[in-house]
Amino acid sequence: MESLTTQKSPPASQRGHGFASSRALRPSGKVLPEHARGHNRSLVLQALYAGGQKSRADIARETGLTRVTISDLVAELLVEGLVLEMGQREDARPGKPATLLELNGIAFQIIGIDLSEAATFRGAVLDLRGRVISRAEVPLDSNTGADATAKVVALVGSLVDAATLPVLGIGVGSPGIVDLAGVVLSAPNLGWVAEPLHDVLAERYCLPVVVINDANAAALAEHSFGGAESDMMVVKVGHGVGAGLLLGGSPLFGSRFAAGEIGHVVVGTDGGAECACGKHGCLETWLATPRLDAALALAATSEDKIAVLRAAGQRLGIALAPVVGALNLSEVVLSGPTDLLDGPLAEAVIETLRARTMAEFHGDLTLRMTTLGEDIVMRGAAVMVLSGQLGVS
Ligand SMILES: [Zn+2]
């Protein structure tokens with residue numbers, strides 16, 4: 001799970017606040033034996049996170065670690081309260097029955113924040129399983145720049161106050177292009193250029209912070225909580241259009257952190273409406289919800305409305321076909337307003353994809369709506385915290 005980690009633990013001076021113990025939950029990787037121990041610890045936690053109750057022997061078989069190592073690590077995790085003993089397995093095998101272990105899903109809480117909506121910043125306190133414990137939101141009131149950042153800080157503060165257990169960390173899903181240090185390089189709708197959101201929040205709350213692109217967060221949420229395949233793409237349709245990619249279960253960020261930014265890719269050679277970016281015929285001009293709503297408002301009959309939705313779906317299919325073909329993706333998940341996306345639009349996407357890719361390799365491609373609803377971004381941001389702090393996802 002190394003590949004999901006985007007940041008080191010904060011320095012010792014910033015740790016401890018809200019933590020059960022004063023040391024990092026995951027080593028930062030300077031000392032080799034410590035690094036190995038942290039890696040093994042993550043293997044044990046991941047075995048329990050992914051598979052329910054298991055005995056020490058089950059974990060040893062699954063991870064390839066020795067029984068002695070497992071017993072040692074489990075003893076440490078029991079003391080920290082991250083793992084619980086759940087009684088003995090009832091089976092007919094001779095000898096001493098095995099004690100079952102379970103990851104304690106309520107050992108910590110996580111703050112998850114979604115900045116992707118045009119009018120409202122939303123957030124939640126989540127448990128380690130990504131379940132929402134409590135919610136908060138703050139209207140954006142058209143604020144941009146430093147005023148928008150102040151809204152994020154206030155929203156996080158209200159959720160830190162609402163948390164009822166030690167907070168493992170803060171995960172933020174932001175629109176725009178976000179680098180691995182949690183700097184929002186560009187988010188035009190929020191007026192952010194090189195906004196150091198990670199540092200602002202880490203300094204204010206002295207907790208581990210992860211900031212990632214909202215569509216990448218959505219892809220991680222689908223992988224951890226939505227049962228998604230390991231080679232998949234989430235297309236997030238809202239005020240803009242973005243996508244998050246997972247390859248082999250790892251998120252793809254890209255050389256300039258803009259992987260999945262398909263909204264301003266021009267689709268086709270037949271022109272199209274002018275886009276906010278100055279080009280004509282960007283995917284967003286067909287698919288972004290304000291554009292779709294406007295086109296549907298002009299459609300006189302139900303046939304006209306279906307034609308609008310199908311045209312948007314075809315353009316999305318045209319944009320996705322080379323990506324699906326090049327990467328051999330097995331699943332595309334749509335996230336956004338169900339009334340717009342589910343139905344003629346999704347049908348046109350899959351028809352277009354099938355018509356434009358090689359059936360023998362891509363014929364089993366599935367396309368579906370997300371089942372995670374409007375919590376997808378905040379839950380994905382929480383996955384980044386889980387991954388960074390505990391090595392599980
Ligand atoms: Zn554009």
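Counting convention: from 1, in listed order, for ligands and their atoms alike.
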### Query
For Arg204, does the CZ atom have more than 12 heavy-atom neighbours from other residues, nucleotides or ligands under 6.0 Å away?
no

### Any side-chain heavy-atom pair of Ser330 and Thr366 under 4.5 Å
no

### Query
Taking the Zn ion (ligand 1) as the centre, how many protein N/O/S atoms fall inside a distance shorter than 2.8 Å?
4

### Task
Determine whether the side chains of Thr301 and Asp304 contain a donor N or O and an acceptor N or O closer than 3.5 Å.
yes

### Query
For Ile106, does the CD1 atom have more than 12 heavy-atom neighbours from other residues, nucleotides or ligands under 6.0 Å away?
no

### Query
Heavy-atom distance under 4.5 Å between the side chains of Gln109 and Thr164, does that happen here?
yes

### Task
Any chance you could pull the hydrophobic cluster mates of Val132, using side-chain heavy atoms under 4.5 angstrom and chaining through other members?
Leu126

